[in-house]
Each structure stands twice: as structure tokens, then as C-alpha cells.
Amino acid sequence: MNKSFFDALDKQGFELKMKDLQVFAGGAKKGDWDVGITVDAIKLADRLDTIVLVAGDGDYIPLVRYLQEAKGCRVEVMAFQESTSLKLREASDKYIDLSSDKKKYLLPMRAQMRVSIPRPRFMQGNRQGNYIPPRPNGEATTPTIKPDVNE
């Protein structure tokens, strides 16, 4: 977690809510904030003209429609087009594609923040592209070429 990022949001007046990730048997992790975001939006709707939802999940469509029809709010959606429900984009009053201008919407990665991700086993190979299974300790092996004694 980047504490300085959250401190900056807090100083700007954002209400920060933290929740532990759910960890499933296979190791998958999920934040599961849908209900919390929905409850907050409904609670605040009577005091707002516009609600900006920064999410692309189609599960928010009933919320968007409720806020528009029952509360009279304008609902804008901001998300990356590649992971945004088409029906959610259509239901919103305005859709902003965060992929359209990555320099505007994304912070550049600092070198020290980049994570070195190990190559998957199927991609570990020699320079000829041959697959070389890793050793039990996870390191890739280097093939040894033995001369053919029959030549």
C-alpha cells in the first residue's frame, strides 16, 4: 500500500475507506467494494447533482438507473474501455474512457516502483527458443551439448 498516495487523498478532503482483501483458496484476491460504493452513492444522492462512478462493472447499472430516475442525479462513469461494460457506458449520462489519454489519467511509473516479474515457465528457454524446464529451486537450466560418440 502506498501510504503517501492515501495521505495525499486525505489532505484533499477525500474520505478514505479501507477494507481487507478477500483471499480465495486458489490465491485469487478480490476487493469486493460493490455494495459499499452502492450504499454510499444512495446515501449521498439527495445532496448531489452529479455522481462520478470510477468503475466499469456492469453490476452498477441498477445503481446508475436508480440514481438517475429516483434521485434525479446525473451519473458519469470513468473507467478503462477495455474493462468497462458496454451497457454501463450506455446507461451513464457521460462516459470518460481513461484509456483515451493515458498521459492525462495515469501517473508515470517510477523506476523503483516497477516490479520484476519472473517469466512464466513456458517462456523460459535458451536463445534458440527451446523450452528448458527450471530446476527444482526455480532457476532455469543451461543445456549442455554432448558430442555424439557415433560420429
Indicate the atoms forming the closest heavy-atom contact of [X] with [Y], along with that distance.
X: V77; Y: S92; value: CG2-CB, 3.5 Å
X: F80; Y: S99; value: CD2-OG, 3.3 Å
X: W33; Y: M18; value: CZ2-C, 3.7 Å

More than 12 heavy atoms of other groups within 6.0 Å of [X] [atom1]:
X: F24; atom1: CZ; value: yes
X: K103; atom1: NZ; value: no
X: D20; atom1: CG; value: no

According to salt bridge (Lys or Arg N to Asp or Glu O under 4.0 Å), who are the partners of R65, at least two apart in sequence or on a separate chain? none

Partner set under salt bridge (Lys or Arg N to Asp or Glu O under 4.0 Å) for E76, not counting sequence neighbours: R74

Quick check on side-chain contact (heavy atoms from CB on, under 4.5 Å): which of L63, V64, D57 does L88 satisfy it with? V64

Are L48 and L53 connected in the hydrophobic side-chain network, where two residues link if heavy atoms are under 4.5 Å apart? yes

Kindly compute the distance separating [atom1] ([X]) from [atom2] ([Y]), expressed to the nearest 0.5 Å.
X: L67; Y: L44; atom1: CG; atom2: CG; value: 10.0 Å
X: Q81; Y: Y95; atom1: CD; atom2: OH; value: 5.5 Å
X: D97; Y: E82; atom1: CG; atom2: CD; value: 6.5 Å
X: C73; Y: I51; atom1: SG; atom2: CD1; value: 4.0 Å
X: D10; Y: L16; atom1: CG; atom2: CG; value: 5.0 Å

Among residues two or more places apart or on two chains, list those pairs meeting side-chain hydrogen bond (donor to acceptor under 3.5 Å, both in side chains) that have a residue in residues 36-51. K17-D40, D46-K71

Side chain Q68, main chain A91, donor-acceptor under 3.5 Å: yes

I want to check something: taking the side chain as every heavy atom from C-beta on, are V75 and Y60 in contact at a cut-off of under 4.5 Å? no

